[in-house]
Amino acid sequence: MKIPAYAALAAGRPLEPLQIERRAVGPRDVLIDILYCGVCHSDIHQARDEWSGALFPMVPGHEIVGTVAAVGAEVTRFAIGDLAGVGCMVDSCRACQPCQHDTEQFCEKTAAWTYNGTEMDRKTPTFGGYSTQVVVAERFTLKLPAGLDPARAAPLLCAGITTYSPLRQWGCKPGDRVGVVGLGGLGHMAVKLAASMGAEVTVLSTSRGKQDDARRLGAHGFEVTREPGSFERLAGKLDLLIDTISAPHDYNAYLGLLRPFGAMVVVGVPPAPTPVAAFSLIGGNRRLAGSLIGGIAETQLMLEHCARHGILADVEIIPIQAINQAYERMMAGDVRYRFVIDCSSLRR
Ligand code: NAP
Ligand code: ZN
Ligand code: ZN
């Protein structure tokens with residue numbers, strides 16, 4: 001079936017309307033009428049081909065929430081009318097070691113990314129949530145717990161799981177001192193999630209104007225990294241750092257904020273590599289780690305955690321026609337804290 005979408009036709013081109021083809025609903029598929037789709041900074045990196053190898057035309061969007069409009073004959077977990085979510089993956093090989101251990105994001109055959117990738121046939125391009133409908137394997141469709149506002153839940157499907165997973169991997173617990181670097185879409189989720197786990201959270205931001213928001217989101221401390229004294233005040237104090245910055249920056253400076261055996265987890269993806277000095281790691285046995293989204297089971301756990309703790313994203317809802325301005329505003333750090341597309345605007 002043909003449906004309306006917004007696409008980048010080439011690297012760096014403004015997004016524009018495009019009709020795309022969605023596959024017919026197979027026996028184990030779910031058809032979702034998309035209500036909302038969050039705008040992740042990864043959408044910008046990829047639409048601008050900052051990570052190379054981008055496939056065009058590209059329909060970004062991997063923070064999808066909608067209502068189930070049809071289900072295949074063998075689908076058991078979803079019924080027409082249910083609220084459902086789709087994150088960064090729509091399929092994987094399901095047989096390899098990572099797939100068997102709920103880490104489909106590391107599928108040895110490469111997961112079918114929600115966009116800028118292919119289905120597992122390795123031919124059919126995948127298109128993301130800046131569109132009106134999507135067809136997804138049931139196994140990669142998330143159940144939205146009752147009571148979660150769909151627009152504010154959409155960003156949980158990427159920003160939520162990407163920050164929940166490293167907090168969980170590194171055992172975040174009451175009393176831990178967690179630093180969140182960069183207060184954007186991922187950063188604001190990291191603050192809410194770490195606070196919900198009982199951590200004492202400090203935000204490290206370039207924007208003085210975000211201080212009040214940081215406290216409202218649950219942070220205890222706030223440092224403006226461009227102002228003198230901020231790194232000195234926090235030196236050696238933090239147990240865990242979650243680094244969400246999307247642009248080049250000096251990892252060494254942040255590593256110095258960790259106490260002995262502390263860890264800095266990189267989730268932001270600056271387009272260029274950054275040198276790390278051996279001494280930044282050796283002093284204090286500090287660890288530098290990375291984290292890529294989370295598996296499907298962990299994403300479901302995260303949604304349930306958010307429902308239990310009343311955690312949702314702070315969003316600014318936009319029509320699809322405003323997407324190119326939204327990208328510019330994100331590049332300027334001007335988003336509080338996630339743009340979410342009202343996908344009914346695609347039907348206009
Ligand atoms: P975002 O909403 O644009 O937020 C990024 C924040 O980083 C900004 O709000 C700003 O915070 C800070 N920042 C931006 N430019 C900076 C600079 N030059 N120097 C210092 N700080 C700067 O982006 P997002 O959607 O949260 O995504 C953040 C990064 O995570 C992106 O690179 C994205 O691709 C990546 N990501 C990774 C995964 C994964 O699985 N690992 C998943 C999703 C996204 P302040 O104003 O507070 O300084
Ligand atoms: Zn994302
Ligand atoms: Zn696999």
Side-chain angles (χ1 to χ4, degrees), residues 37-48 50-51 60-64 87-89 91-116 120 128-129 154-166 180-191 203-211 213-214 217 219 222-226 242-250 253-254 265-272 274 289-295 299 313-316 326-339:
C37 182
V39 181
C40 179
H41 206 110
S42 301
D43 301 353
I44 304 179
H45 290 306
Q46 292 178 89
R48 297 181 176 180
E50 291 177 352
W51 299 340
H62 56 207
E63 293 183 339
I64 300 169
C88 301
M89 299 177 279
D91 209 345
S92 72
C93 88
R94 307 177 185 203
C96 71
Q97 204 267 0
C99 283
Q100 295 276 318
H101 289 82
D102 292 323
T103 48
E104 303 88 350
Q105 71 272 37
F106 307 124
C107 174
E108 290 169 3
K109 302 257 164 71
T110 306
W113 305 115
T114 302
Y115 69 87
N116 193 23
M120 293 313 286
L156 302 180
L157 278 309
C158 176
I161 182 59
T162 301
T163 49
Y164 176 82
S165 183
V180 172
V181 187
L183 196 61
L186 266 58
H188 96 292
M189 290 312 309
V191 172
V203 169
L204 294 108
S205 172
T206 57
S207 313
R208 168 62 69 196
K210 293 180 180 175
Q211 179 159 13
D213 286 346
L217 295 166
F222 187 86
E223 291 287 351
V224 181
T225 49
R226 286 180 179 155
I242 307 288
D243 178 357
T244 77
I245 298 180
S246 50
H249 58 290
D250 180 13
Y254 293 93
V265 186
V266 171
V267 293
V269 193
T274 308
S291 195
L292 178 68
I293 52 173
T299 306
D314 287 20
V315 304
E316 180 176 337
Y327 278 13
E328 290 312 320
R329 284 182 55 195
M330 284 171 75
M331 292 309 293
D334 174 25
V335 50
R336 309 250 171 137
Y337 280 88
R338 197 56 139 188
F339 290 114

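All residue numbers refer to positions in the sequence shown, counting from 1. Read the numbers this way: they start at 1 and go in the same order the structure lists the ligands and their atoms. Bear in mind that the values here come from a model prediction, so they are computed numbers and not experimental data.
- Counting atoms of ligand 1 from 1 in the listed order, those under 4.0 Å from a heavy atom of Ser207 are 45 (P), 46 (O).
- Among all non-hydrogen protein atoms, the one lying nearest atom 33 (C) of ligand 1 is Ser42 OG, 3.4 Å.
- Angle SG(Cys99) to the Zn ion (ligand 3) to SG(Cys107), rounded to 10°: 100°.
- Not one N or O of Trp51 is nearer than 3.5 Å to an N or O of ligand 1, by distance alone.
- Taking atom 28 (C) of ligand 1 as the reference point, the nearest protein heavy-atom neighbour is Thr244 O, 3.0 Å.
- Distance alone, capped at 3.5 Å, places no donor-acceptor pair between the Lys109 side chain and the Ser92 backbone.
- The two residues Met89 and Gly295 have their closest heavy-atom pair at CE-CA, 4.4 Å.
- The closest approach between a heavy atom of Met331 and any atom of ligand 1 is not below 4.0 Å.
- Taking any N or O of Ala247, backbone or side chain, none lies under 3.5 Å from an N or O belonging to ligand 1.
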Checking side-chain hydrogen bond (donor to acceptor under 3.5 Å, both in side chains) for the pair Asp213/Tyr337: CA distance, chi angles, key distance, verdict? CA-CA 10 Å; Asp213 286 346; Tyr337 280 88; 2.6 Å; yes
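- No N or O atom of Cys40 sits closer than 3.5 Å to an N or O atom of ligand 1.
- The shortest non-hydrogen separation linking Glu50 to Pro271 is OE1-CG, 3.7 Å.
- Among the atoms of His41, none of the N, O or S atoms falls under 2.8 Å from the Zn ion (ligand 2).
- Taking every non-hydrogen atom of Cys158 and a distance limit under 4.0 Å, the qualifying atoms of ligand 1 come out as 42 (C), 43 (C).
- Of the protein's non-hydrogen atoms, His41 ND1, 3.7 Å is the one closest to atom 1 (P) of ligand 1.
- When non-hydrogen atoms are compared, ligand 1 lies under 4.0 Å from the side chain of Lys210 (C-beta onward) but not from its backbone.
- Of all protein heavy atoms, the one lying nearest to atom 14 (C) of ligand 1 is Ser246 OG, 3.8 Å.
- Near Gly268, the atoms of ligand 1 lying under 4.0 angstrom from a non-hydrogen atom of the residue are 29 (C), 30 (O), 32 (O), 35 (C).
- Between Glu316 and Arg329, at least one side-chain N (NZ, or NE/NH1/NH2) sits under 4.0 Å from a carboxylate O, which counts as a salt bridge.
- Using a 4.0 Å cut-off between heavy atoms, His249 makes no contact with ligand 1 at all.
- Rounding to 10 degrees gives 110° for the angle at the Zn ion (ligand 3) between SG of Cys96 and SG of Cys93.
- Of the protein's heavy atoms, Val267 O, 2.9 Å lies nearest to atom 37 (C) of ligand 1.
- Between Leu292 and ligand 1, no N or O atom pair is found at a separation short of 3.5 Å.
- Thr206 and Val224 make their closest contact through O-CG1, 4.0 Å (heavy atoms, listed as atom of the first residue, atom of the second, distance).
- Of all protein heavy atoms, the one lying nearest to atom 20 (C) of ligand 1 is Thr206 CG2, 3.4 Å.
- In this structure a side-chain-to-backbone donor-acceptor pair under 3.5 Å is present from His188 to Gly185.
- Using modelled atom types and a 3.5 Å distance limit, the side chains of Gln46 and Tyr115 yield a donor-acceptor pair.
- Taking 4.0 Å as the cut-off, Ala159 does not count as a neighbour of ligand 1 on heavy-atom distance.
- Within the 3.5 Å criterion, the main-chain N or O of Val181 finds a donor-acceptor partner in the side chain of Thr244.
- Among the atoms of Cys40, an N, O or S atom falls under 2.8 Å of the Zn ion (ligand 2).
- Across all non-hydrogen atoms, the minimal contact from Gln100 to Arg94 is NE2-O, 3.0 Å.
- Which parts of ligand 1 touch His45 is read off a 4.0 Å heavy-atom cut-off, strictly below it: atoms 31 (C), 32 (O), 33 (C), 34 (O).
- Taking any N or O of Tyr337, backbone or side chain, none lies under 3.5 Å from an N or O belonging to ligand 1.
- When all heavy atoms of Ser291 and Pro166 are compared, the pair lying nearest together is OG-CD, 3.8 Å.
- Of the candidates Asp250, Thr162, Val203, Ile245, Ile245 brings a heavy atom nearest to atom 13 (N) of ligand 1.
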Carefully, step by step, assess Glu328 and Arg48 under the rule salt bridge (charged side-chain N to carboxylate O under 4.0 Å, His left out). CA-CA 12 Å; Glu328 290 312 320; Arg48 297 181 176 180; 3.1 Å; yes
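- Distances from atom 12 (C) of ligand 1 to the heavy atoms of Gly182, Gly290, Gly184 show the closest one on Gly182.
- Put simply, the side chain of Ser165 never gets that close to the backbone of Ile161: no donor and acceptor are under 3.5 Å apart.
- Nearest to atom 45 (P) of ligand 1 among the protein's heavy atoms is Ser205 OG, 3.4 Å.
- In this structure, His249 has its ring center closer than 6.0 angstrom to the ring center of Tyr254.
- Within the 3.5 Å criterion, the main-chain N or O of Gly182 finds no donor-acceptor partner in the side chain of Ser205.
- Scanning the protein heavy atoms around atom 40 (O) of ligand 1, the nearest turns out to be Ile293 N, 2.8 Å.
- Across every non-hydrogen atom of Trp51 and His45, the tightest pair is CZ2-CD2, 3.2 Å.
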